[in-house]
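Before I ask anything, here is the structure I am working with.
These values consider heavy atoms only, across backbone and side chains, with no hydrogens, waters or symmetry-generated copies. To find a chain, count down the sequence lines: A is the first, B the second, and so on, and within it residues start at 1.
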Amino acid sequence: MLQVSYIRENREKVLERLSVRNFKQPELVDEIINTDEERRQVQTSLDNLSAIANSAAKQIGDLMRNGKKEEAEVLKGQTATNKDQHKKLSDQLADAEVKLHSLIVQLPNLPHHLVKTGCTPEENETVLVHGDPAVLSENALPHWELAAKYDIIDFELGVKITGAGFPVYKGKGAKLQRALINFFLDRATEQGYKEMQVPLLVNEASGFGTGQLPDKEGQMYHAGVDNLFLIPTAEVPVTNLYRDVILKEEELPIKNTAYTPCFRREAGSYGAHVRGLNRLHQFDKVEVVQVVHPDKSYEVLEEMSSYVQLLLQQLGLHYRVLRLCGGDLGFTSAMTYDMEVWSAAQQRWLEVSSVSNFETYQSNRLKLRFKGSTGKTQLAHTLNGSALALPRIVASILENNQTEKGIKIPEALVHYTGFDYIS
RNA sequence: GGAGGGAUGCCUGAGUGGCCGAAAGGAACAGUUUGCUAAACUGUCGUACUGGCAACGGUACCGAGGGUUCGAAUCCCUCUCUCUCCGCCA
């Protein structure tokens, strides 16, 4: 959520930045400024009226105490006339505030100046490409066929238990999941991230804090009886740990990591692009989250990007890093790097991580602030990234590492799996 | 699921209609004292909106929303959360 005062004072810049996203409703900006203007006028009138009423009430109290009952009664009669006006103004103020809020949550974050204007994923900038595509034999299989061949992931069984998009991992497939989770958590801990274990269901306030609510309810599973939401990512509970918190400057940066299953309803497209592990309703992910000083957030974004790349390198994967263009940028993000791994068998790039700087967009919703050396409180910056999401990593490992002997487990993982081939 | 408590500032906790944005203690911060540590003493010590160049003001907030009243942390209603006990249970 952008700050009203910022919008008010930087109208042109806000419009210019929103255009980078190809934002469809620039008229919202003026509507916000006008509503805010109205709100402030009403508030000033109301404040003045309240000041008069307060001092009158004080006088009445003094008179009563001194036994001057009649004078008090006269004053009472006078103040009563202001009540209607007071009520009217406070209703107006409440309306203006509700309206302002409903407008301002519709504005996405402003892209950083390095973010290029663009509408579609094709316009994303390729920042770097690492490694070379795996060379596979002609009869290389896509991961869903490998999963069946080695009997390590059972999609049909998941359909029986729950539905499409809820796979059952079996034997070495299950062990590989556990190995990856531990591998990712250990690497994150080495980087100074503190491991957290958090609830998988969150309340509405948390959904609002990180920007899933309002409007994106449809993407989350909802436990209606208790009005709780299954988390779509660990970002939600981990970032909300700091909701309504004022940190000390020296506590920054805060670096947390968490493994959680993630739940996404995401009813959408069908076909090869969502086959197998490409898109699931439930999947496992290790997330890294940082809360940092505003001056440091872009430095930290680069650091987080390098860290995710290090993981991909250790797993021996051929990947590229994209800087998302305005149109492909998430609603709450100011700048995002996507990491994509090449799937030789599917002949396409698979997104395995997304690292974003939200600047103050989340912290303004969360009321996540810090008190600086000057004693002033200001909003912190939040960042997060997947490090990493498992399914497409598993898909890539299966597809790129298929050999005649079976699936070769990356060196760095053998310590965690206890086997070096799935055969 | 049943019964009963509770919600006040960073924490503990007082406050049953005006003198309360809120006692007291603790923590924290600054200073004085001090061989060091500790202690003692003094001061500072919530957030937001708003007016002002500033100094300094105004307003709101004692879980949330509504009501009574000239005036509400305090009285009334509704809701939410939380704790304890019983039951069930990994």
For this session: Using the C1' atom as the reference point in each nucleotide, state the distance between B:G21 and B:U59 in Å, no decimals.
Result: 12 Å
Exercise. Which listed nucleotide (B:C70, B:G46, B:G67) is nearest to the side chain of A:K87?
Worked result: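 Nearest listed nucleotide: B:G67.
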Problem set entry | Rounded C1' spacing from B:G43 to B:G6 in Å | 36 Å
Exercise. Does the ring of A:F419 carry A:K172 above it, NZ/CZ under 6.0 angstrom from centre and within 45° of its axis?
Worked result: yes
For this session: Using the C1' atoms only, state how far B:G13 lies from B:A27, rounded to an integer number of Å.
Result: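 The answer is 14 Å between these two C1' atoms.
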Problem set entry | Whole-Å gap separating C1' (B:C79) and CG (A:N227) | 14 Å
Exercise. What is the base-pairing partner of B:A28, counting Watson-Crick and G-U wobble geometry with both distances under 3.5 Å?
Worked result: B:U44
Exercise. Hey, which of these two, A:M64 or A:K248, hits RNA chain B nearer its 5' end, going by closest nucleotide?
Worked result: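 Of the two residues, A:M64 wins.
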For this session: Go along nucleotides 48-60 of chain B 5' to 3' and tag each nucleotide: B for a protein heavy atom under 4.0 Å from its base, S when only backbone or sugar atoms are that close, - otherwise.
Result: SSSS------BSS
Exercise. Which residue lies toward the 5' end of RNA chain B, A:I60 or A:D226, if each is placed at its nearest nucleotide?
Worked result: A:I60
Problem set entry | Span that lies between the C1' atom of B:A54 and that of B:G18, in whole angstrom | 35 Å
Exercise. If the P atom of B:A72 is compared with that of B:G87, how far apart are they to the nearest Å?
Worked result: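 Roughly 46 Å separates the two P atoms.
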